[in-house]
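Working notes for the structure below.
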Amino acid sequence: MAHGPAQGIRRWLYTTNHKDIGTLYLWFSFAMFLLGGVFALVIRAELFEPGMQIVEPEFFNQMTTMHGLVMVFGAVMPAFVGLANWMVPLMIGAPDMALPRMNNWSFWILPFAFAMLSSTLFMDGGAPNFGWTFYAPLSTTYAPPSVTFFIFAVHIMGASSIMGAINIIATIVNLRAPGMSYMKMPLFVWTWLITAFLLIAVMPVLAAVVTMMLFDIHFGTSFFNAAGGGDPVMFQHIFWFFGHPEVYIMILPAFGVVSAIIPTFARKSLFGYSSMVYATAAIAFLSFVVWAHHMFTVGMPLAGEMAFMYMTMLIAVPTGVKVFNWVATMFKGSMTFETPMLFSVAFVILFTIGGFSGLMLAIAPADFQYHDTYFVVAHFHYVLVPGAIFSITAGVYYWLPKWCGNMYNETLGKVHFWTAFIGLNVTFFPMHFAGLSGMPRRIPDYNMMFADWNMISTVGAFLFGAAQILFLFNVIATIRSKRPASDEVWDRPEGLEWTLPSPAPYHTFTKPPPLS
Amino acid sequence: MSDRARSVFRRLCLGLFVASFAAQSFAAEVERWGLNMTEGVTSVSRNIHSLHMNILWWCVAIGVVVFGVMFYSMLVHRKSKGAKAANFHESTLLEVVWTIIPFIILGIMAVPATATLIEIYDSEEADIEVLITGYQWKWKYDYIGQELSFFSLLSTPKDEIYNRSEKNPNYLLEVDEPLVIPVDKKVRFLVTANDVIHSWWVPDLAVKKDAIPGYVNAAWTKVDKPGIYRGQCAELCGKDHGFMPIVVKAVEQQEYDAWLAERRAASAKLKALSEQTFSFDELYAQGQQVYEQLCAACHQANGEGVPPMFPAIKDSPVATGAMDKHLDMVINGSPSNPTMAAFGPQLSELDIAAVVTYQRNAFGNNMGDQLQPIDVLKAKQ
């Protein structure tokens, strides 16, 4: 019954194995992470000092747009789907994902979507240049011709995400080992279950909004064209109805990863498991009723402004509960600080800082000063980089020995961590100050009063970029090393994945594991 | 470059030195480094600043407690110090407590935030009304009921932007003609846009309002200190989003009245020019100015454009074709490419005549013909 994988390229093209597909997702997302990182470095290089030096404003706008799109849809989301593919079946004692062929398809359409998106850089008129939020009418009536390719690429990415989400839900609902009730599932499984429902709810909304753009551009409709009786603000409502839950799609699985790692290295069970589950669900629910806090300056009525302000402030409560629970898990533990733990601790601290600036942004009157400045850029990079990226990195270090059977080099891991940690803070912390002193986002050039902060940010960005090369090197060295990891890898970690041999065999849990 | 890096390093060292030895100069350092939000010059901006400081200190306090516990356990509860893991992993009481406390803090924050929001939204009973229209990439100010309107464009020379000459202190934050308003008067801004979405933002006034085509948003200010206040467009609006600053000049009432009278007279004079006839050289020189100020952003200073979005003027079928078609393009914009805006309402008759003349004779187009303001006036009617 058990047989090995096919050989050569066919193994990867035809695979329906959750581990292979997880690996594909992870490598693909890392490639996109580097590509999006190169775009970011072009931006930072131009902003190193006042004046136009390296690129023209037109190309600068293409870089900010492509950086955002590639990082959100190409790096963070596929990385989490990759982790889900690898870990959800192992964590719930399932033999594979519930829908293996669809799994293959949902991965393999992604490279095409991103090849198409990247190809727009070489088209007449250039790549999309209207920001990753692509507000109409800049993205419709005034867009470069390549916008049509952008729309098609977004459709494919959306289809991929929806299929991935359906697969994860089907797996979790149907393939849990006997005895694993919902409230016994590891938190990573819970957060992904909730995330998958968010994806199914909002990716069609994204598809709808880009389809409306397509119609405005090619078929003479006027959804977003005021001159034709349409409404540019409606675009923003629809976009952010997708966009805000999207933010949580990128962070809820991160909560799950960190909730697996911190207990292992504190040698103490996760504090407040059930309140963690409820808090995740509460955050997911609230994410549907706060979208217009991205639009405080569009001129909403006072009542709308207030409602969205209160709802947004409310999100701080369940988010706070999560942070308090992680701290309580660490409290009175017996902690060691291996690389996954370092990334997780940094996650808790820096994500909380991003949460603080989020709370500040929730105060609508104050938002009139923060909105569309570098303060916002600092805020969402603090939640996304140490939030999503650090948790993914932590997860890779944590599970890599299980995946490939070899232990990574701890010293190199720590060097990677500290380089990334310092680079990240040097890059993004000064952006708070640049924003507060009045620097708008998405500008290719600026007055000298913002020069010092920008120069520091740029230096940090290149340091952070270098840290990722270390990461790549470390992962490859681990895979090729001859330092076998034990089956448990860590000091008595919780979870079914650690009951398997290292590396995990190609087929696992073909018989459901007995649960104690 | 290395000079700048050295100066950053010096200031960093100096900053640390000063911070560690002289706490009283902390405020000055904050100011010099651009660390914080401006307090601004209106009651709204001061209220917002205090909301901002308020929530910031709450965050700092929460951070001290949470990170304090965290760092304490990271230092004390480590395996290397012989810490044994405790067994607890649940406490309903704790969960309830740390749900309720943030709730109360948020309630405390919501009250002043709501009050300020209500103040910001009360734009009624204004003394002066100004209609602000965002264009790619400039602002237009209409003093409603005063028969005065003008455009406000970036005045920083290209040489400074492309590092061919030294940057002046107001680099990218200077315009040819600022918005002038009187102090201690409630000024209502009606904000809209002509093409894409822009956002009118002046930090010292704490006014940031999106300028959206098809919408007219209201905002207001009451400046209590004469001065020059600078801001920028805050919503990505295309290529030159970073190059459409806002300058507001707040002056005493008498000065404002004098400015208004003078500015109106200048407009009337400009209008009268549309009846006059100009020589080719006059038109060409004026046209070159207009071209460099407005057209060059897309069509480039050398007239070669950036096809396909921004076609060339050089050898273009429009600029070397029939005069009336060319004039129509400038006045009404392009029917197929919305990036080519309608300049009829934006420019005086003289400026249109001049720029058309210039385009037909510059860049080697050498059509040899010219256009008078009176022809433009006729075409507009």
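In what follows, every heavy atom counts, from backbone to side chain, and hydrogens, waters and symmetry copies are set aside. Every chain is numbered from 1, with letters handed out A, B, ... down the list of sequences.
Contacts of A:Thr373 with chain B are made by side-chain atoms alone, with heavy-atom separations under 4.5 Å and no backbone atom involved. Residue B:Leu94 touches chain A through its side chain alone, counting heavy-atom pairs closer than 4.5 Å. Residue B:Ile120 touches chain A through its side chain alone, counting heavy-atom pairs closer than 4.5 Å. Of the atoms belonging to A:Pro263, not a single heavy atom falls under 4.5 Å from chain B. Using a 4.5 Å cut-off between heavy atoms, B:Lys167 touches chain A through backbone and side chain atoms alike. B:Ile101 does not touch chain A: none of its heavy atoms, backbone or side chain, sits under 4.5 Å away. Contacts between B:Ile212 and chain A at a heavy-atom distance below 4.5 Å involve the side chain alone, from C-beta outward. Only the side chain of A:Ser274 comes within contact range of chain B, with at least one heavy atom under 4.5 Å from a heavy atom of that chain. For A:Asp491, the part lying under 4.5 angstrom from a heavy atom of chain B is the side chain only. Heavy-atom distances place both the backbone and the side chain of B:Ser91 under 4.5 Å from chain A. Looking at A:Gln236, only its side chain comes within 4.5 Å of chain B, counting heavy atoms on both sides. Heavy atoms closer than 4.5 Å to chain A are found in the side chain of B:Tyr72, but not in its backbone. Contacts between B:Asp122 and chain A at a heavy-atom distance below 4.5 Å are absent for every atom of the residue. Interface residue B:Leu51: only side-chain heavy atoms are found under 4.5 Å from chain A. Looking at B:Asp210, the atoms closer than 4.5 Å to chain A (heavy atoms on both sides) sit in the backbone and in the side chain alike. Of the atoms belonging to B:Pro245, not a single heavy atom falls under 4.5 Å from chain A. Within the 4.5 angstrom heavy-atom criterion, only side-chain atoms of A:Asn61, from C-beta onward, approach chain B. The part of A:Phe337 that comes within reach of chain B is its side chain, from C-beta onward, which places non-hydrogen atoms under 4.5 angstrom from that chain. Both the backbone and the side chain of B:Asp195 come within contact range of chain A, judged by heavy atoms closer than 4.5 Å. Contact annotation for A:Val459: neither backbone nor side-chain heavy atoms come within less than 4.5 Å of a heavy atom of chain B.
For the pair B:Phe88 and A:Ala328, the tightest heavy-atom approach, listed with the atom from each and the gap, is CE1-O, 3.9 Å. Nearest heavy atom pair, residue B:Phe103 against residue A:Val317, reads CD1-CG2, 3.8 Å. Residues A:Pro365 and B:Ala113 approach most closely at CG-O, 3.3 Å, considering heavy atoms.
Of the residues considered (B:Pro203, B:Pro102, B:Ala219, B:Gly214), B:Pro203 shows the highest number of contacts with chain A, using heavy-atom pairs under 4.5 Å. With chain A as partner, the option from B:Ser45, B:Ala85, B:Gly242, B:Ala234 having the largest number of non-hydrogen pairs under 4.5 angstrom is B:Ala85.
To the nearest 0.5 Å, the span separating OH on B:Tyr162 from CD on A:Gln53 amounts to 10.5 Å. Once rounded to the nearest 0.5 Å, the distance linking CZ of A:Arg267 with NZ of B:Lys84 reads 10.5 Å. Here OG of A:Ser275 is found 3.0 Å from CD of B:Glu95. Values are rounded to the nearest 0.5 Å.
With contacts defined as side-chain heavy-atom distances shorter than 4.5 Å, the pair B:Trp58/A:Met360 does not qualify. Annotation: side chain of A:Leu138 is in contact with side chain of B:Gln136 (closest heavy-atom distance under 4.5 Å). By the 4.5 Å heavy-atom criterion applied to side chains, A:Val298 and B:Lys209 are not counted as neighbours.
Judged purely by atom type and a 3.5 angstrom limit, A:Asn447 uses its side chain to pair as donor or acceptor with the backbone of B:Tyr171.
Taking the charged nitrogens against the carboxylate oxygens, B:Lys208 and A:Asp367 have no contact shorter than 4.0 Å, which rules out a salt bridge.
Annotation: B:His89 is not in aromatic contact with A:Tyr273 [ring centroid separation under 6.0 Å not met].
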Output side-chain donor-acceptor pairs under 3.5 Å for residues 348-355 of chain A, partner residues at least two apart or in another chain, one line each.
| unit_1 | atom_1 | unit_2 | atom_2 | d |
| --- | --- | --- | --- | --- |
| A:Thr352 | OG1 | A:Val348 | O | 2.5 |

